[in-house]
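To start, the structure itself, in structure tokens.
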Number of protein chains: 2
Amino acid sequence: MSKLSFAILGQLMRGSRTGYDLAQEFRDGLSQFWHAKHSQIYPELQKLKDLGQVKVSEVRQSSRPDKKVYNITPAGECALLEWILSPLPDAPVRSELHLRTHSIHLVPKDQAIAFYKNELARTEAEREGFEMQLARLEAAFSGIPSSENEAFSTYANLKFGMENRRQVAEWSRWLIATLKA
Amino acid sequence: MSKLSFAILGQLMRGSRTGYDLAQEFRDGLSQFWHAKHSQIYPELQKLKDLGQVKVSEVRQSSRPDKKVYNITPAGECALLEWILSPLPDAPVRSELHLRTHSIHLVPKDQAIAFYKNELARTEAEREGFEMQLARLEAAFSGIPSSENEAFSTYANLKFGMENRRQVAEWSRWLIATLKA
DNA sequence: CCTAACATGTAATCGGTTACATGATTCT
DNA sequence: AGAATCATGTAACCGATTACATGTTAGG
């Protein structure tokens, strides 16, 4: 079973969803750590259904087109729980930013500075986004959600995102300053 | 042209290399930010040759099997320089660690703690590796290499790697402490 | 009427991994 | 003789993206 399968099961553990719902979530919130398009999600849901990890119910709608609502099965739940803490394979890293940085000595300094200033602005914007989401979660739960709550998992990842953007921003600032010197 | 092409051109800007040399580098040092196996590298070198971005010379050896040595051409150099500062597309992120963290509220606390302690140890080991490489570079150049030197690019990426592992480690420690509480 | 959002699929292609395949040379 | 390293390739498969394809409902 692929990582996408577990990504979907993880979402279905939080409640019923259609393929369309999942596609939206993978485009927005989840995009911090996982990505998928509808063209990958629909076939994957079929596979999960064939494996008995999810079940589907067709829902007639009058105000919207009909839809297929997916739910996780006990078997799916079991597979998900087993996967979460299983040994984590070390994934190959691929960062285009650092691939470019690896050749940064070849380009004119002023242009390099402009490039990283642009990246810095992007990173700061992302960090602010995470900070706002974190603040909203903290407000809703009057602090850190308890670790049995699904909001805790969300909180932990948002916190990571925020700290990570801070680190990237600091490195960018160091690089800009060093190129200027 | 693919990112791998530019990754290869970037290495060839640092000197002549065989496909075998490149495969070693992508497995070891470059693995911090890019990855490739020989099965991908050999065909890619063919493509680059057909595009006139690299040239090849066959070298007869007596103490080793014969080999094909690749060099970047002026056209390849031009393509590389143009790519380095071109607009950076935002790449889809996929982190299995954070995909799992997204469902961490589902598993027993003590097992989760053990899992992240293990990750923490990995991360610390990686950070120490980067720190040692950084220290060696600093010693060799009596400080930070100048920004026109290829060692500067290497230095910048090593510094990023070190700071990044520090950030990941700090987050892991926070997560472990919070799960314990 | 037209556009946007809802909703679900398939096909072609691409980048990357795993496995298959071969052979030279050195060192133990 | 056998293992390790050097050296170069191909083929099958898989995960993911882009493009193709279709149809509904709501709202301006």
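Source: prediction; values computed, not measured. Lettering follows sequence order; numbering is per chain, from 1.
- In this structure, A:R60 places its CZ atom 14 Å from C1' of C:dA7, rounding to the nearest Å.
- Near DNA chain C, meaning a heavy atom under 4.0 Å away, the residues from residues 5-33 of chain A are A:T18, A:G19, A:Y20, A:Q24.
- Among the protein residues, B:K3 comes within range of no part of the nucleic acid, since none of its heavy atoms lies under 4.0 Å from any strand.
- Taking the side-chain hydrogen bond (donor to acceptor under 3.5 Å, both in side chains) definition, one finds that A:S31 meets it with nothing, sequence neighbours left out.
- Atoms NZ (A:K67) and C1' (C:dA5) sit 13 Å apart, rounded to a whole Å.
- Taking the six-membered ring where the residue is Trp, B:F152 and A:W174 present parallel rings, their angle staying beneath 30° rather than reaching 60°.
- Read 5' to 3', the first and last nucleotides of DNA chain D with an atom closer than 4.0 Å to a heavy atom of chain A are D:dG15 to D:dA26.
- Under the 4.0 Å criterion applied to side-chain N and carboxylate O atoms, A:E138 and A:K159 are not assigned as salt-bridge partners.
- Put simply, the side chain of A:Q111 never gets that close to the backbone of B:L85: no donor and acceptor are under 3.5 Å apart.
- Taking the charged nitrogens against the carboxylate oxygens, B:R122 and B:E126 have no contact shorter than 4.0 Å, which rules out a salt bridge.
- Applying the 4.0 Å criterion to OP1 and OP2 of C:dT18, one finds that B:K37 has a side-chain N or O inside that range.
- If you check every strand for non-hydrogen atoms under 4.0 Å, A:H35 touches nothing.
- Following rounding to the nearest Å, A:R64 (CZ) and C:dA5 (C1') show an atom-to-atom distance of 6 Å.
- Near DNA chain D, defined here as any heavy-atom distance below 4.0 Å, there are no residues from residues 91-100 of chain A.
- In this model, a donor atom of one side chain and an acceptor atom of the other lie less than 3.5 Å apart for B:R27 and B:Q24.
- With salt bridges taken as basic N to acidic carboxylate O contacts below 4.0 Å, none links B:R166 and B:E170.
- Between A:F6 and A:W83, the ring-plane angle classifies as parallel under the 30° and 60° cut-offs.
- Position along DNA chain D of the nearest nucleotide to A:P65 versus A:S2 favours A:S2 as the more 5'-ward residue.
- With hydrogens and angles disregarded, no donor-acceptor distance shorter than 3.5 Å links the side chain of A:S172 to the backbone of A:L120.
- The side chain of A:Q61 places no N or O atom within less than 4.0 Å of a non-bridging phosphate oxygen (OP1 or OP2) of C:dC6.
- Side-chain atoms of A:R100 come within 3.5 Å of backbone atoms of B:S86 as a donor-acceptor pair (strictly under, hydrogens ignored).
- Applying the side chain to side chain donor-acceptor pair (under 3.5 Å) rule to pairs touching residues 8-23 of chain B yields A:H102-B:Q11, B:Q11-B:E25, B:R14-B:T154, B:S16-B:N71, B:R17-B:E25, B:T18-B:D21, sequence neighbours excluded.
- Between B:E148 and A:K109, at least one side-chain nitrogen of the basic residue sits less than 4.0 Å from a carboxylate oxygen of the acidic one, meeting the salt-bridge criterion.
- Near DNA chain D, meaning a heavy atom under 4.0 Å away, the residues from residues 39-55 of chain A are A:S39, A:Q40.
- At distances below 3.5 Å, at least one donor-acceptor pair connects side-chain atoms of A:T73 with backbone N or O atoms of A:G76.
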